[in-house]
Amino acid sequence: MAGEEGAAVSADDLAYDALLEWIADEVAPYVGEGRVADYIPALARVSPDRFGMALATVDGRVYGVGDYRERFSLQSISKVYSLALVMARDAGSLRGRVGVEPSGNAFNSLIQLEYERGIPRNPFINAGALVVTDLLHSLTGDASGAVLDFLRAEADDPTVTIDGAVAASEAEHGDLNLALAHFMAAYGNIENPVDVAADHYFRHCSIAMSCAEAALATLFLARHGVRADGSRLLPVLGAKRVNALMMTCGAYDAAGEFAFRVGLPAKSGVGGGIVAVVPGRAALCVWSPALDRHGNSVAGVEALDRFTTATGWSVF
Ligand code: GLN
């Protein structure tokens with residue numbers, strides 16, 4: 001698709017479309033390689049042969065290839081937006097509650113939390129996102145609703161919604177996340193009732209969006225904090241910090257390898273999506289549900305690697 005419907009087709013449009021088509025061809029052999037997440041049973045029902053990729057430029061134009069208009073479960077990608085919303089309302093509230101160092105451990109690991117007395121390493125492991133969700137709930141009274149409203153506005157689509165079946169499945173199989181939350185509550189690092197904080201976390205992880213919508217919703221980070229309507233969500237410094245955390249902690253315990261191969265701030269989710277930011281230029285979202293052992297989409301990482309190699313659009 002060349003740019004927005006009805007818009008004149010420019011050389012840039014043709015180049016972006018051709019680039020995305022080329023990437024889709026290149027990564028076709030990787031689509032389906034890996035395993036679809038099954039620890040949340042509702043996610044296991046998604047077919048591993050899907051692949052979509054969207055590029056949104058800072059002027060709001062969207063280019064895409066493959067299944068880029070099909071919605072998928074954001075999962076951990078939603079942690080970026082909940083963090084940004086807390087920082088927008090009260091960045092100081094995060095102080096002492098969550099760190100900014102990569103964990104080097106699995107995203108749902110309990111071990112580190114015990115050593116570090118209930119203070120999660122960073123906001124993108126599950127423990128950290130539970131704390132952020134708890135803070136957002138205290139600040140808004142409706143953490144998952146605040147994330148949903150933000151995403152609907154940025155994607156300019158009021159039909160973006162929480163997949164109730166995925167949220168229920170997460171809650172039903174949520175013992176590990178509940179254990180993390182209870183453990184932190186014992187250290188006073190969860191303010192709301194544990195089941196309330198966890199429920200809002202499960203709900204914002206279960207928001208379904210397409211690559212096109214998620215790329216649009218991530219553009220505020222490429223615009224150094226400015227939203228789709230031109231208003232500012234975060235100061236420049238705040239956007240820098242979110243991007244830095246995505247770079248160092250966004251791909252779970254494979255963030256180092258991801259930086260090495262792709263070289264962009266990014267956040268992956270076990271639904272198979274990855275969003276990435278090219279500061280000042282664009283946001284990307286790629287989706288393919290089969291994951292590597294760290295929980296990152298195999299074809300998704302391949303696609304972003306090809307993208308930055310071909311364009312030179314990495315931060316390095
Ligand atoms: N909701 C998922 C969980 O809590 C998110 C994990 C992920 O995408 N890494 O396990």
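In this chain, numbering begins with 1 at the start of the sequence shown. Start at 1 and go down the list; that is how both ligands and their atoms are numbered.
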Show every donor-acceptor pair shorter than 3.5 Å between a side-chain atom in residues 138-146 and any protein atom, with sequence neighbours excluded, or say none if there are none.
| from | atom 1 | to | atom 2 | distance (Å) |
| --- | --- | --- | --- | --- |
| Ser138 | OG | Asp134 | O | 3.2 |
| Ser138 | OG | Glu191 | OE1 | 2.5 |
| Ser138 | OG | Asn192 | ND2 | 3.1 |
| Thr140 | OG1 | Leu136 | O | 2.7 |
| Thr140 | OG1 | Asp142 | N | 3.1 |
| Thr140 | OG1 | Asp142 | O | 3.4 |
| Asp142 | OD1 | Gly145 | N | 3.0 |
| Ser144 | OG | His200 | ND1 | 2.9 |

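- Comparing Ser76, Gly295, Ala129 against atom 7 (C) of ligand 1, the shortest heavy-atom distance belongs to Ser76.
- If you look at Asn177 next to ligand 1, the close heavy atoms, those under 4.0 Å, all belong to the side chain.
- Between His204 and Tyr201, the ring-plane angle classifies as perpendicular under the 30° and 60° cut-offs.
- Residue contacts with ligand 1 do not include Asn108, since none of its heavy atoms lies under 4.0 Å from the ligand.
- Taking atom 2 (C) of ligand 1 as the reference point, the nearest protein heavy-atom neighbour is Gln75 OE1, 2.9 Å.
- Residue nearest to atom 9 (N) of ligand 1, selected from Tyr39, Tyr201, Tyr252: Tyr252 (by heavy-atom distance).
- Of all atoms in ligand 1, listed by their number and element, those nearer than 4.0 Å to a heavy atom of Glu170 are 1 (N), 2 (C), 3 (C), 4 (O).
- Near Cys205, with a cut-off below 4.0 Å to any heavy atom, the atoms of ligand 1 are 1 (N).
- Taking a cut-off of under 4.0 Å to the non-hydrogen atoms of Phe107, the atoms of ligand 1 that pass are 6 (C), 9 (N), 10 (O).
- Under the 30°/60° scheme for interplanar angles, the aromatic rings of Trp313 and Phe307 are found to stand perpendicular.
- Panel note: side chain Glu154, backbone Ala228; a donor-acceptor pair is recorded below 3.5 Å.
- Close contacts between ligand 1 and Gly269 involve ligand atoms 8 (O) [criterion: under 4.0 Å to a heavy atom].
- For the pair Met53 and Tyr68, the minimum side-chain heavy-atom distance is 4.5 Å or more.
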Can you list, pair by pair, the side-chain donor-acceptor contacts under 3.5 Å of residues 260-271, counting residues two or more places apart and other chains?
| from | atom 1 | to | atom 2 | distance (Å) |
| --- | --- | --- | --- | --- |
| Arg261 | NE | Asp305 | OD2 | 2.9 |
| Arg261 | NH2 | Glu302 | OE1 | 3.2 |
| Arg261 | NH2 | Glu302 | OE2 | 3.2 |
| Arg261 | NH2 | Asp305 | OD2 | 2.8 |
| Lys267 | NZ | Gly250 | O | 3.0 |
| Ser268 | OG | Gly250 | O | 3.4 |
| Ser268 | OG | Asn296 | OD1 | 2.5 |

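- Ring geometry for Phe220 versus Phe150: interplanar angle over 60°, hence perpendicular rather than tilted (30 to 60°).
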